Amino acid sequence: MTQRKRLSNTQISSQSRRRSEVAVAEEEDGDLTFTQPSTSQVQRGLERLTSAQVDQKTAEVVQYFLVKDQKKIPVRRADLVKHVLKDYRNVYPEIMKRVTQSLDQVFGLKLVEIDTKNHIYILINKLEPAEGAPLDNSPTNPKMGLLFVILSVIFMKRGAVKENVIWHTLKKLRVDPGEKHEEFGDVKKLITDEFVRQRYLEYVRIPHTDPIEHEFRWGQRADLEVSKAKILEFMGELHNQEPQSWTQQYRDAHSTPNSTQASTSSQR
Amino acid sequence: MKRARSSEADEETPRQNGSSGRRRGVQQHRGNEDDEGPGLGAANLQDDDIDPSLRREIRSKYRDLINSVQQNREDMLSPSNNKLTEVLEEANKLFQDVREAREAALDAQLLVVATDLGKEKASQLFSEGAAFDPTAFAEHLLSFMGLNRLEDEEEELQNGAVDGYLPQDAWHRVAKRAESCFKTAPAFHYMMGSFHAEPPPPKQRIERQRKVPGKEAKRMMPTQLKKMEESHQEATEKEVERILGFLKGYHQDDPSTPISYYEFVIDPNSFSRTIENMFHTSFLIRDGLARMYLDDKLPCIAPVEEGEVEAGGSASRKQCITSISLKTWKELIDAFDISDTLIQPLNTQNE
C-alpha cells in the first residue's frame with residue numbers, strides 16, 4: 001500500500017517535473033518563434049497583412065505600453081505577445097519598430113529594453129522636466145518623495161547602502177518600516193517590493209551575513225530616469241553647501257551622462 | 001571620532017586576551033587578573049560562580065548593550081559623538097564579573113559588533129571630499145518638509161531624536177521637489193476615467209452554478225433510480241399483456257387454425273423487435289398464460305383458457321430455449337413468407 005503510494009507519488013512528481021520542463025521548453029520555443037523571425041519571414045508575414053492591420057496592431061501595442069506604464073511595472077515581451085500581439089508575433093520586429101517610433105515622435109517617450117535576455121521594456125520621458133512649475137497640475141505622488149530620499153541616500157553613499165541605514169533615516173523622517181504609514185501604507189512592502197518591481201531599487205542580500213542583511217542599490221529604471229547631478233544640486237541646497245564639495249559624488253554625477261547609462265547599468 | 005577609534009583599539013587587545021584566557025580555565029584566568037580589576041580573590045571568585053542570579057544579570061546586561069548598539073548603530077556612526085567609546089567602557093566594567101563561557105561569548109559578540117562599527121567609522125575617514133551623514137541629511141530634510149520644531153525643544157534634548165510636528169503635505173513637498181530630478185514618463189489616464197473590471201462576480205456565479213445542481217442531483221438521485229426500475233418493470237408487464245391481447249385476438253378470430261410461433265413472433269422489418277417479441281412471449285409461457293406445442297413439427301402458440309390456467313400451471317413444467325440469429329431470422333422470413341408482423345410495434349400502434 002505504502003509502496004504503491006510512494007510509487008504513485010514519484011510518478012506524479014516526475015510527471016509534473018516533465019510537465020514543467022515541457023512548459024519551459026514551450027516557452028523557449030515560443031520565445032524563439034517571435035524572437036528571431038528572420039527579415040524574410042517578417043517580409044512574408046507583412047505581405048499577408050494589410051497596412052491597416054499592421055497600423056491597428058501597432059496602435060494596440062502603444063496603448064498597452066501606456067496603460068502598463070501607469071503602474072510603472074516593466075512590460076515583459078512574453079506578456080506583450082500573449083495579450084496583444086497574438087497572431088502577429090511573426091511580424092514582431094516590424095511592429096516594435098513602429099511602436100518605438102510612435103512613442104518617440106507622438107508621445108515624446110523612449111522605449112528602453114532594460115533586460116535584453118528576458119526582453120523587458122520600460123518607458124522613459126525623453127523630454128527634460130520643464131523649468132519652474134510643471135505644466136500639468138496632476139497631484140504629486142508622495143511615494144516619489146519617499147523614493148527620492150532613498151535614492152539620494154544610496155547615491156550619496158556611493159551606490160550601495162545597508163538596509164538599516166535606510167530604515168534608520170526613514171525613522172528620523174517619521175516613517176517606520178514596522179508600522180503602517182498613513183500615506184505609504186506598508187512601508188517595508190512599498191520599498192522592498194513595489195519600488196523593486198518598478199526597477200527603481202534593487203534589494204539584494206549581502207552574502208555571508210548572519211543574521212541575514214540586505215542592501216539597497218539603484219535599480220535600472222532609476223539609472224535611466226533619475227539625474228544624479230540634480231540630486232546633488234538638491235543636496236547642496238539642503239546642506240547649504242556647494243555640490244562640488246562632495247568630490248566623488250560630483251564626479252559620479254557628471255562623468256556618466258544619463259543617456260549612456262543604460263549599457264553600464266545592464267552590465268552591472 | 002579619533003578618541004573613539006583609539007580607545008576602542010586600546011581596549012580590544014586586553015579584552016580579547018581575557019576572554020580567551022577564560023576558556024583555558026580558571027587557573028590561567030588568575031594570571032590575567034590585572035584586567036579583571038583588583039580585589040578578586042579565589043574565594044570571591046568561587047562565590048560568584050555559584051550565584052546564578054548574578055550570572056543572569058551580567059548576561060542580560062550584555063544583551064542589552066548589544067541590542068542598543070545594533071539599534072542605535074547609525075547614531076553611533078555619526079562623527080559628532082563618542083557613543084562607541086561609552087559602550088566599550090560599559091562593556092569593560094561588565095567584563096570584571098565575567099566568569100563563565102557563556103558570558104565571555106556574549107562579550108565576544110559585542111566585540112564583533114563594535115569592531116564592525118569601528119570599521120565603518122574608519123571608512124568615513126577615507127572618503128574623499130565632504131562626508132555624507134544620513135542623520136544630518138534627515139535633519140535637513142525635516143526642515144525642508146516644514147517640521148515645526150519650536151514646540152518640542154525639551155523632548156529633543158531628552159530623546160536625542162528630534163520630535164515635532166510634520167505638516168500634512170510634508171511628503172508632497174519632497175515629491176514636488178524630486179519631480180525635476182526624474183525623467184518619469186507621465187502616467188496616462190483616460191479623460192473620462194476608465195471602467196474598473198470586476199472580477200469577483202463571475203467567480204461567484206460559477207460557484208453558485210456548481211453548488212446548486214450538486215445539491216439537486218443528490219436529492220434527485222434516489223427517486224430517479226426508483227422510477228427507472230418501476231417504469232422498466234411496468235413497460236415489460238404492459239408489453240407482455242399487450243402481446244397476450246394480440247394472441248387472444250388472433251385465436252378468437254380463428255380458433256381452429258393453430259398460430260405458428262414464428263409467424264407470430266417475427267417482425268420482418270426489425271430483427272431487434274423480433275427478439276423483443278420472443279422475450280416478452282416467453283413471459284406468457286412462464287406464467288402459464290400461453291402454451292406452445294408442435295403441430296406438424298412446427299412450433300405453435302395458443303393462449304391458455306381461463307379455467308385451464310390453474311391446472312396447467314403446476315402440472316408439468318418444461319423448459320426450452322428458443323434462439324434466433326440474424327441469419328435464421330432471414331431464413332424464417334423466407335420460409336414462412338412473412339410479409340407483415342402480427343404484433344404491431346407500440347409506437348406505430350399509437351400513430
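In what follows, every heavy atom counts, from backbone to side chain, and hydrogens, waters and symmetry copies are set aside. Fair warning: this is a prediction, and the values are worked out from it, not measured in the lab. A note on names: the letters A, B, ... follow the listed sequences, proteins ahead of strands, and every chain is numbered from 1.
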Notebook entry, point to check: Just checking, any donor-acceptor pair under 3.5 angstrom between side chains of A:Glu163 and A:Tyr203?
Noted result: yes

- Decide if atom CZ of B:Arg102 counts as having more than 12 heavy atoms of other residues, nucleotides or ligands within a radius under 6.0 Å. no

By side chain to side chain donor-acceptor pair (under 3.5 Å), B:Gln71 pairs with (sequence neighbours left out) none

Pair count under 4.5 Å, heavy atoms only, with chain B: among A:Leu123, A:Leu109, A:Leu146, highest is A:Leu146

Of the listed A:Gln244, A:His239, A:Glu233, the one with the largest count of heavy-atom pairs under 4.5 Å with chain B is A:His239

If one checks every heavy atom of A:Glu237 against chain B at 4.5 Å, the contacting part turns out to be side chain

If you tally heavy-atom pairs under 4.5 Å between each of A:Thr169, A:Leu151, A:Asn240, A:Val165 and chain B, the highest tally belongs to A:Val165

Applying a strict 4.5 Å limit to non-hydrogen atoms, the region of A:Phe184 in contact with chain B is side chain

Full working for ring-ring contact (aromatic ring centres under 6.0 Å, His included) between A:His254 and A:Tyr250:
CA-CA 6 Å; A:His254 292 273; A:Tyr250 191 81; 4.3 Å; yes

The interface call for A:Lys68 against chain B, heavy-atom contacts under 4.5 Å, is neither

Applying ring pair (Phe, Tyr, Trp, His ring centres under 6.0 Å) to A:Phe155 and not counting sequence neighbours gives none

Max heavy-atom pairs within cutoff under 4.5 Å with chain B, candidates A:Val149, A:Val175, A:Ile231, goes to A:Val149

When the 4.5 angstrom heavy-atom criterion is applied to A:Val161 and chain B, the contacting part is neither

When the 4.5 angstrom heavy-atom criterion is applied to A:Lys143 and chain B, the contacting part is neither

Residues A:Leu66, A:Phe107; criterion side chain to side chain contact (heavy atoms under 4.5 Å, CB included); working and verdict:
CA-CA 10 Å; A:Leu66 290 175; A:Phe107 296 94; 3.6 Å; yes

From the list A:Glu182, A:Arg221, A:Lys72, the residue making the most non-hydrogen contacts under 4.5 Å with chain B is A:Lys72

Bottom line for B:Arg173: the part with an atom under 4.5 Å from chain A's heavy atoms is neither

message: Donor-acceptor pair, distance only, cut-off 3.5 Å: does the side chain of A:Gln220 make one with the backbone of A:Tyr200?
response: no

Is it the case that atom NZ in A:Lys57 sees more than 12 heavy atoms from other parts of the structure closer than 6.0 Å? yes

